[in-house]
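Worksheet: the structure to be examined is printed underneath.
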Amino acid sequence: MKKKINQAINIIMAAFIGVFIGHGIFLYLDYKNHSDLYMIQSAPWYTGILVYGIGTLAVLAICIGIKIVLKRKTDKPFKNQNK
């Protein structure tokens with residue numbers, strides 16, 4: 001069960017990193033092709049990348065926290081019951 005949960009968390013982490021990289025590349029290429037549209041905005045063109053980056057970091061922190069908790073819960077040493 002632990003292996004399945006670990007694999008699911010790894011998939012979630014990889015998916016969020018992939019979405020962040022893909023969104024960043026798309027936004028950069030869109031900025032290069034339509035830079036005039038971004039000039040009328042009050043925020044810089046890379047603000048969307050920063051927002052996605054913060055969201056990705058939050059999800060990664062939560063996933064790493066879950067992995068640490070699961071590791072600590074399942075790796076407890078067995079106490080000797082036969083004294």
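Of the inter-residue distances, the one linking L50 atom CG with L27 atom CG reads 10.0 Å to the nearest 0.5 angstrom. The distance from atom NZ of K3 to atom OG1 of T74, rounded to the nearest 0.5 Å, is 14.0 Å. In this structure, K32 NZ and W45 CH2 are separated by 7.5 Å, a value rounded to the nearest 0.5 Å. The line from CD1 of I62 to CZ of F16 is 9.0 Å long, rounded to the nearest 0.5 Å.
When hydrophobic clusters are built by joining Ile, Leu, Val, Met, Phe, Trp and Tyr residues whose side-chain heavy atoms come closer than 4.5 Å, directly or via intermediates, V59 is not grouped with L57. Both F20 and I25 belong to a common hydrophobic cluster when Ile, Leu, Val, Met, Phe, Trp and Tyr are linked at side-chain heavy-atom distances under 4.5 angstrom. There is a path of hydrophobic side-chain contacts, each under 4.5 Å, that joins L70 to M13.
Judged by distance alone, the side chain of N6 and the main-chain N or O of K2 form no donor-acceptor pair under 3.5 Å. Of the possible donor and acceptor atoms, none in the side chain of T47 sits under 3.5 Å from a partner among the backbone N and O of A43.
Taking 4.5 Å as the limit, every side-chain heavy atom of Y46 sits out of range of all side-chain heavy atoms of Y28. At a threshold of 4.5 Å between non-hydrogen side-chain atoms, the residues Y52 and V19 count as touching. Taking 4.5 Å as the limit, every side-chain heavy atom of I5 sits out of range of all side-chain heavy atoms of K67. Looking only at side-chain heavy atoms (C-beta outward), L37 and Y31 stay at 4.5 Å or farther from each other. In this structure, I17 and L60 have side chains that are in contact, with non-hydrogen atoms separated by less than 4.5 Å.
Nearest heavy atoms, G48 versus H23: O-NE2, 3.9 Å. Contact detail for I9 and C63: the closest heavy-atom pair is CG2-CB, 3.7 Å.
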